[in-house]
Amino acid sequence: MANETNRFQAIISHCKEYGFIFPSSEIYDGLQAVYDYGQWGSELKKNIKDYWWNSMTRMYENIVGIDAAIFMHPTTWKASGHVDNFNDPMIDNKDSKKRYRVDHLIEGYAEMLNAEGRKQEAEQILAGMDSLLAKDDFTGLKKLIEENKIKCPISGTSNWTDIRQFNLMFSTEFGSTVSADDEDNKVYLRPETAQGIFVNFLNVQKSGRMKIPFGIAQIGKAFRNEIVARQFIFRMREFEQMEMQFFIRPGTQKDWYEYWKEERLKWHLALGIPKENYRFHDHIKLAHYADAACDIEFNFPIGFKELEGIHSRTDFDLKNHQEYSKKKMQYYDAEVDPATGKPYGNYIPYVIETSIGLDRMFLAVVSHAYTEEDLSTPEKKDDRVVLKFPPKLAPMKLAVLPLIKKDGLPEIARQIMDDCKSHFRCFYEEKDTIGKRYRRMDAIGTPFCVTVDHQTKEDNTVTIRYRDTMKQDRVPVTEIRKIVLDSL
RNA sequence: GCGGAAGUAGCUCAACUGGUAGAGCGACAGCUUCCCAAGCUGUAGGCAGCGGGUUCGACCCCCGUCUUCCGCUCCA
């Protein structure tokens, strides 16, 4: 475990040192759990996005993408359950240092009263709690706790802190409002991208003439005010999700759930990362919207952790949006049901969601790629750090290096650059010894380096050096572009 | 949120346990180099996380604050 921790630290350092990830606003000491992607990090991230987007919207003919706004009508979050379900007031006992959800604490006390046969008192307290909770009256709630002398089960004291609320959602004011307290002007930064898909369900279905089953994909930022946000980019307050909501006929959710579990695992394995780094984890305790849920966990340096979630969300979201918006979120299914001989007719579709954290995927790719190699020989100590990215994800595809910077070698290298740079990301470098340049390319994960030498002037060939094996081949200049493109 | 530790050049670390900071690597410029970091020369980078206090004087003492790491808690 100590080694794994060191490895994680090394990866974090490497990410910063080589321009992948910087702490946000670092010159002002950073901002907790917020990070910026640097010059190579943003390339890698974009490549991951493209890989996901293309496989979703191209490989599946019945999936289309959208790009919904981060701001959404406040009612969205009432309908989705986020306002009520992620608003738990908390209280700490100063002696035991234990934290409780206020409702749990009071309910526990009421249960105790019930057990003692003091039913009426219990009911009275619970009723009081409910009305205070509804009003967000924290002082009132604390008073309730104090008046009933509710004690901490651990310390046995009533030495409580003030009640605090940890709202999952960030809010801000909308329009030219003066008062931040004005509920009418309050909008949230979305805590998940899914709702942007649900509220557009009808728009996409109708304008795209989509027939069930079909999916809507989206990549976008989401925001959560995590209480504890640590572990580098694994848990950030601002993060990016790649989500696909798949709309299906009610009753078929089990089959589609299994289908998407498999499809999503295949997607991961197609990157060439070995299977043993992935595992499924089924949820026992389900979220308020799901009837089945699992995670694809990845073996991060901090252990197996959630990378992607696959949830059977039932018709929870669409049904609620129908109720709150008074718009029919229904689909007319003209297909004939063999059981009845009649069309399936109108229904609110069920939904299977696949939701992967882009930043977590980034971390998975980097932590798997990160390799420290000992290259020592009896004569000389040597080692290198290399990022063994799948070529299609590598931020830089090709480095073009004149062996020395004279005798016309740079000019030839420049021609190779011109031939390739419009096809994929290339890097030109003539400074320092060739070995140093190779190692610098290893550090950012460039899969190919070609070196122009004097022989190039005679037979128009270069050496191509492969990142993972460090082996070299002699290839014609005219082949370079094809070799790189074939690997992508 | 609680407890513990840390915060010196881009990175890794030093400097009589108070008298205003050095090295290696890296970077940059040039030279040299015909294939895997550490050849030569030169240059640029730090008011020591930030703020305050004690002191004639603090990087080194005290307080606060921020950030990071470890553990716990919480959340899913």
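Order of the sequence lines sets the chain letters (A, B, ...), proteins ahead of strands, with each chain counted from 1. Not measured: the values here are computed from a predicted model.
Atom C1' of B/rC59 sits at a distance of 11 Å from the matching atom of B/rC47, rounded to the whole Å. A gap of 38 Å separates the P atoms of B/rU68 and B/rC56, to the nearest Å. With C1' as the reference atom, B/rG45 and B/rA27 are 9 Å apart, rounded to whole Å. Between the C1' atoms of B/rG1 and B/rA44, the separation comes to 45 Å (whole Å). Across the C1' atoms, B/rA9 and B/rG53 are found 28 Å apart, a figure rounded to whole Å. Distance noted for atom P between B/rC35 and B/rA48: 48 Å (whole Å). B/rG49 and B/rU67 have their P atoms separated by 16 Å, with the value rounded to a whole Å. Taking the C1' atoms as reference points, B/rC60 lies 12 Å from B/rC16, given to the whole Å.
The partner of B/rC59 is absent, by the rule that a Watson-Crick or G-U pair needs both atom distances under 3.5 Å. Summarising the base pairing, B/rG64 is matched to B/rC50 through a Watson-Crick or G-U wobble pair whose two defining distances lie under 3.5 Å. Using Watson-Crick or G-U wobble geometry with both donor-acceptor distances under 3.5 Å, B/rC69 finds its partner in B/rG4. Summarising the base pairing, B/rG22 is matched to B/rC13 through a Watson-Crick or G-U wobble pair whose two defining distances lie under 3.5 Å. Pair assignment for B/rC74: none, as no Watson-Crick or G-U wobble contacts are both less than 3.5 Å. With both pairing distances under 3.5 Å, B/rU33 is matched to nothing as a Watson-Crick or G-U wobble pair. Under the Watson-Crick or G-U wobble criterion, with both distances below 3.5 Å, B/rA27 is paired with B/rU43.
The cationic group of A/Arg279 lies under 6.0 Å from the six-membered ring centre of A/Phe304 and within 45° of the ring axis, placing it in a cation-pi geometry.
Residue A/Lys16 has a polar side-chain atom (N or O) positioned under 4.0 Å from OP1 or OP2 of B/rC11. Residue A/Lys305 places none of its side-chain N or O atoms closer than 4.0 Å to OP1 or OP2 of B/rA76. Listed pair A/Arg439 / B/rG26 fails the phosphate criterion, with no side-chain N or O lying under 4.0 Å from OP1 or OP2.
Contact annotation for A/Asp383: base contact, defined as any heavy-atom pair under 4.0 Å involving a base atom. Using a 4.0 Å heavy-atom cutoff across all strands shown, A/Arg465 reaches at least one base atom of the nucleic acid. Contacts of A/Gln472 with the nucleic acid, taken as non-hydrogen atoms under 4.0 Å apart, include base atoms.
With respect to the salt-bridge test (charged N to carboxylate O, under 4.0 angstrom), the residues A/Glu238 and A/Arg224 do not qualify. Looking at A/Glu26 and A/Lys16, a side-chain N of the basic residue comes within less than 4.0 Å of a carboxylate O on the acidic one, giving a salt bridge. Salt bridge A/Asp382/A/Arg439: present, at least one basic N to carboxylate O contact under 4.0 Å. Classification of A/Glu43 and A/Lys46 as a salt-bridged pair fails, no side-chain N sitting under 4.0 Å from a carboxylate O.
Rounded to an integer number of Å, the gap from CD of A/Glu353 to P of B/rA76 is 16 Å. Atom pair A/Glu17:CD and B/rA27:P shows a separation of 10 Å (rounding to whole Å applied). Counting to the nearest Å, the P atom of B/rG71 and the CD1 atom of A/Ile302 are 11 Å from each other. A/Arg224 places its CZ atom 15 Å from the P atom of B/rC75, with the value rounded to the nearest Å. Distance A/Phe8 CZ to B/rU68 P: 13 Å, rounded to the nearest Å. As a whole-Å value, the separation of A/Arg437 CZ from B/rC35 C1' is 9 Å. Look at CG on A/Asp442: it is 13 Å from C1' on B/rC35, rounded to the nearest Å. The distance from atom CZ of A/Phe232 to atom P of B/rU67 is 17 Å, rounded to the nearest whole Å.
With B/rC75, B/rG26, B/rC35 as the candidates, the nucleotide lying closest to the side chain of A/Thr451 is B/rC35. In this structure, the nucleotide among B/rC36, B/rC35, B/rA37 sitting nearest to the side chain of A/Thr463 is B/rC35. The side chain of A/Met470 approaches B/rC36 more closely than any other nucleotide in the set B/rU33, B/rC36, B/rG26. Comparing B/rA27, B/rA37, B/rC34 by their closest approach to the side chain of A/His454 singles out B/rC34. For A/Lys436, the side-chain atoms get nearest to B/rA37 when compared with the rest of B/rA37, B/rU33, B/rC35. Taking only side-chain atoms of A/Lys431, from C-beta outward, the nucleotide of B/rC28, B/rA38, B/rC34 with the closest atom is B/rC28.
If A/Ile434 and A/Tyr35 are placed on RNA chain B by their nearest nucleotide, the residue sitting closer to the 5' end is A/Ile434. Closest-nucleotide positions on RNA chain B for A/Thr469 and A/Ser13 were compared, and the one nearer the 5' end corresponds to A/Ser13.
In this model, no donor atom of one side chain and acceptor atom of the other lie less than 3.5 Å apart for A/Gln218 and A/Glu243.
Between A/Tyr18 and A/Phe20, the distance from one ring center to the other does not fall under 6.0 angstrom.
Residue A/Val462 forms a side chain to side chain contact (heavy atoms under 4.5 Å, CB included) with just one option from A/Ile416, A/Asp453, A/Thr451, and that option is A/Ile416.
In B/rG45 the base sits syn relative to the sugar, since the glycosidic angle is no further than 90° from 0.
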